[in-house]
Amino acid sequence: MKPDPDPAPAPDGRLQISEVRYSLAELLREIEVERRESSFAMETLDQVEIQKMFANRRRRDARNKK
Amino acid sequence: MPFTGKILLVDDEAHIRKYVGLVVRGLGAPVIFEASSGEQALALYAQESPDLVLLDVNLPGMTGVQILSGILAQDPDALVVMLTSLANRQTIEECLRLGAASYIRKDTPKEAILAELSAIVSDSPNDPAP
């Protein structure tokens, strides 16, 4: 991620707001790595949470079949 | 409605297969086949076309996730429920993505296992119960 350089102070001493651009592809890649390799991936889920994930998928599948 | 279909239990530990076998008999009067490895599971699936597969994740040799892929490659409509003590997000999401019907932790009370299996079997278009 390469945000613009530090904003220069305006002549009156206040910081000027500068534009920060993020690359969506880069963000998605970072999320993917995070999901695969971090403690997030190793997080242990309880049965209620697991069932919710599968129930959501079943609902989505049922909607798609209609 | 009692479930009278065929169930394939895949677990390398005989006492777990016995326990799960006792639990699933609560569904009705299913015919139960048992496999202790991935190779056996895939061969039995091809031979018996079970209506429901209960599959452990942590197996020696082929993993449960590989077996899940193998079964769904044989039969994309297969009803496969992961029944395992491994409950990390990565494995669960992978099974979900591959097409497992559900994922049940082994430490779930047997009444809750039965309730989840009953719901899955009755939702399934393959439900052999009349």
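Chain letters run A, B, ... following the sequence lines, proteins first, then strands; residues in each count from 1.
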Minimum heavy-atom distance [X]-[Y], with the two atoms named:
{"X": "B/Val65", "Y": "B/Leu98", "value": "CG1-CD1, 3.5 Å"}
{"X": "B/Ala100", "Y": "B/Met82", "value": "CB-CG, 4.0 Å"}
{"X": "B/Pro60", "Y": "B/Asp12", "value": "CD-OD2, 3.4 Å"}

Step through the atoms of chain B and chain A and list each donor-acceptor pair whose separation is under 3.5 Å.
| residue | atom | partner | partner atom | Å |
| --- | --- | --- | --- | --- |
| B/Ala87 | O | A/Leu45 | N | 3.0 |
| B/Arg89 | N | A/Ala41 | O | 3.3 |
| B/Arg89 | N | A/Glu43 | O | 2.8 |
| B/Arg89 | NE | A/Glu43 | OE1 | 2.9 |
| B/Arg89 | NH2 | A/Glu43 | OE1 | 2.9 |
| B/Gln90 | N | A/Ala41 | O | 2.9 |
| B/Glu93 | OE1 | A/Arg35 | NH2 | 3.2 |
| B/Glu93 | OE2 | A/Arg35 | NH2 | 2.7 |
| B/Leu96 | O | A/Arg57 | NH1 | 2.6 |
| B/Ala100 | O | A/Arg57 | NH2 | 2.3 |
| B/Ala101 | O | A/Arg58 | NH1 | 2.9 |
| B/Tyr103 | O | A/Gln47 | NE2 | 3.1 |
| B/Arg105 | N | A/Gln47 | OE1 | 2.7 |
| B/Arg105 | NH1 | A/Leu45 | O | 2.7 |
| B/Thr108 | OG1 | A/Gln47 | OE1 | 3.4 |
| B/Glu116 | OE1 | A/Gln51 | NE2 | 2.7 |

Worksheet entry | Test item: B/Asp51 side-chain N/O and B/Lys6 main-chain N/O as donor-acceptor pair under 3.5 Å | yes
Got a second to check how far [X]'s [atom1] is from [Y]'s [atom2], nearest 0.5 Å?
{"X": "B/Ile71", "Y": "B/Ile67", "atom1": "CD1", "atom2": "CD1", "result": "7.0 Å"}
{"X": "B/Leu83", "Y": "B/Tyr19", "atom1": "CG", "atom2": "OH", "result": "8.5 Å"}
{"X": "B/Ile92", "Y": "A/Leu45", "atom1": "CD1", "atom2": "CG", "result": "4.0 Å"}
{"X": "B/Leu54", "Y": "B/Ile120", "atom1": "CG", "atom2": "CD1", "result": "9.0 Å"}
{"X": "B/Leu79", "Y": "B/Leu8", "atom1": "CG", "atom2": "CG", "result": "12.0 Å"}

Discussion item. Pair B/Leu114, B/Leu27 - check side chain to side chain contact (heavy atoms under 4.5 Å, CB included), show working.
Written reply: CA-CA 7 Å; B/Leu114 205 51; B/Leu27 285 172; 3.9 Å; yes
Discussion item. With a strict 4.5 Å heavy-atom criterion, list every residue of residues 39-50 of chain B that contacts chain A, or say none.
Written reply: none
Need one label for [X]: side chain, backbone, both or neither, based on atoms under 4.5 Å from any heavy atom in chain A.
{"X": "B/Ala101", "answer": "backbone"}
{"X": "B/Ile113", "answer": "neither"}
{"X": "B/Ile104", "answer": "both"}

Discussion item. Is A/Ile50 in contact with chain B via its backbone, its side chain, both, or neither, using a 4.5 Å heavy-atom distance?
Written reply: side chain
Discussion item. Show every salt bridge (Lys or Arg N to Asp or Glu O under 4.0 Å) that has at least one partner inside residues 13-29 of chain B, sequence neighbours left out.
Written reply: B/Arg17-B/Glu34
